[in-house]
Amino acid sequence: MSDTETLDIGVLGYRFMGKAHANALARLPMFFPDAPNVRRHTLIGRDEDALADAADQFGFEQTATDWETVIDDVDVFYNLGPNHVHAEPSIAALDAGVPVFCEKPLAPTLADAARMRDAAANAEVPAGCAFNYRFVPAIRYAKQLIDAGELGDIHHVRGRYLQDWLVDPEAPWAWRMDNERAGSGALGDLGAHTVDLIRFLVCEHTGEIDRLSGQLQTFVDERPVYGTDGTIKEHRPVTVDDAYTAQIEFENGAVGSLEASRFATGHKNDHTIEIHGSEGSLKFSLERLNELSVLTGTNRGYETVLVTDEDDPYVDAWWPPGHVLGWEHTFVHENYEFLSAVAGGGPFEPSFATAYDVQVVLDAIEQSDSAGEWISLP
Ligand code: SOE
């Protein structure tokens, strides 16, 4: 850190998530003036040309191709690389006393996730996992309703995350289709979000997920790698799931179903959560993220509540009531919370410990699929 007032941020990864977090860092001083000052210090990646372009575009002061050299120079380390590079750099940063914000899923394997959780437990700095959908105002509002008992006793939870970017069998191979690098497919990439949201929303009331039955499916088992001239150079195997489903049961007997797919034709980024309790129900859809459908009391049908009032979570930082927010705002909110925890020395949720608990559920779904039977969680 060059002065006591500013946090220097080192960011590994400069593609989709690099852009989402860099945008969030740039927005913070304008919309959250009480956030700590940050400097977009070093952007880390392997391809020097692409990295230099990204650093220019995202407002970073410098670039580096070796994360090890950067850790000592920064106050906070963001790990936004592919899943297989989550563990080593994150653990090294935590061992050096540098706070870490890591993209989800925490790691490709439960063993790596456990090492990351342990490193975080031994470090005296925050280690957060970037489950950004917790920071949607409507999701925070849903949690307030559930915690206030408006839904009564929770009986049903349903979570579905649908995308369609792989339905074309000629869609190009990518690291997200490789078990070594990604750990799993739709399960870890999309299901991790659903499991985290469900645990965030209901587990204080239902207890943890106690047992589950899971199924994985791969519809296309190899995909083309294209050359720069657009012709197919080779085919590589797909070694992860394209879709998963799971039945879950909570400690209190509540039940749920989970699903994610990259083959859900027509659905681009459709994450829905539905919860039914003894006194009411609610429905959330990421495609309408400013709204929450709520059924309580004597209402006969769902009422669609616009969660855009100034007293709704995070909304007063932005625009006057009704001026809707989007996907990118969730990253600003989580960066605000994480960096405030870093500056204030406070805890941050979701922590590595929480992200490990998500990974336990993902791992159990894989175990259940392999064994063809229900699995009890530890
Ligand atoms: C996958 O397509 C993906 O980008 C996920 O990796 C993100 O976590 C999700 O928010 C959107 O979809």
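The residues of the chain are indexed from 1 along the displayed sequence. Just so you know, ligand 1 is whichever comes first in the structure, and atom 1 is the first atom listed for that ligand.
- No heavy atom of M17 sits closer than 4.0 Å to any atom of ligand 1.
- With respect to atom 4 (O) of ligand 1, the closest heavy atom belonging to the protein is F16 CE2, 3.1 Å.
- Only side-chain heavy atoms of Y161 come within less than 4.0 Å of ligand 1; its backbone N, CA, C and O stay farther off.
- F60 and F58 have perpendicular rings, their planes meeting at more than 60° on a 0 to 90° scale where under 30° would count as parallel.
- Atom 10 (O) of ligand 1 has as its closest protein heavy atom Y133 OH, 2.6 Å.
- More than 12 heavy atoms of other shown residues, nucleotides or ligands fall within 6.0 angstrom of atom NZ in K143.
- Atoms of ligand 1 lying under 4.0 Å from any heavy atom of H193, numbered from 1 in the order shown and given with element: 7 (C), 8 (O), 9 (C), 10 (O).
- Side-chain atoms of E349 and T354 include a donor-acceptor pair closer than 3.5 Å.
- Residue K104 has at least one heavy-atom neighbour below 4.0 Å for each of these atoms of ligand 1: 5 (C), 6 (O), 7 (C), 8 (O).
- Here ring-ring contact (aromatic ring centres under 6.0 Å, His included) pairs that include residues 347-378, with residues two or more places apart or in two chains, are F101-F348, F338-F348.
- Only the side chain of R176 comes within 4.0 Å of ligand 1, counting heavy atoms alone; its backbone N, CA, C and O stay farther away.
- In this structure, R39 pairs ionically with E61, as a charged nitrogen and a carboxylate oxygen lie closer than 4.0 Å.
- For H276 and R158, the side-chain atoms include at least one donor-acceptor pair closer than 3.5 Å.
- Between K104 and D196 there is no salt bridge, since none of the side-chain N atoms of the basic residue sits less than 4.0 Å from a carboxylate O of the acidic one.
- Interatomic distance, E150 CD to E279 CD, rounded to the nearest 0.5 Å: 9.5 Å.
- The nearest protein atom to atom 6 (O) of ligand 1, hydrogens excluded, is given as D189 OD1, 2.6 Å; this is a heavy-atom distance.
- Residue E103 places no heavy atom under 4.0 Å from ligand 1.
- Ligand 1 places these atoms under 4.0 Å from at least one heavy atom of N269: 11 (C), 12 (O).
- Scanning the protein for heavy atoms near atom 2 (O) of ligand 1, the closest one is Q163 OE1, 3.0 Å.
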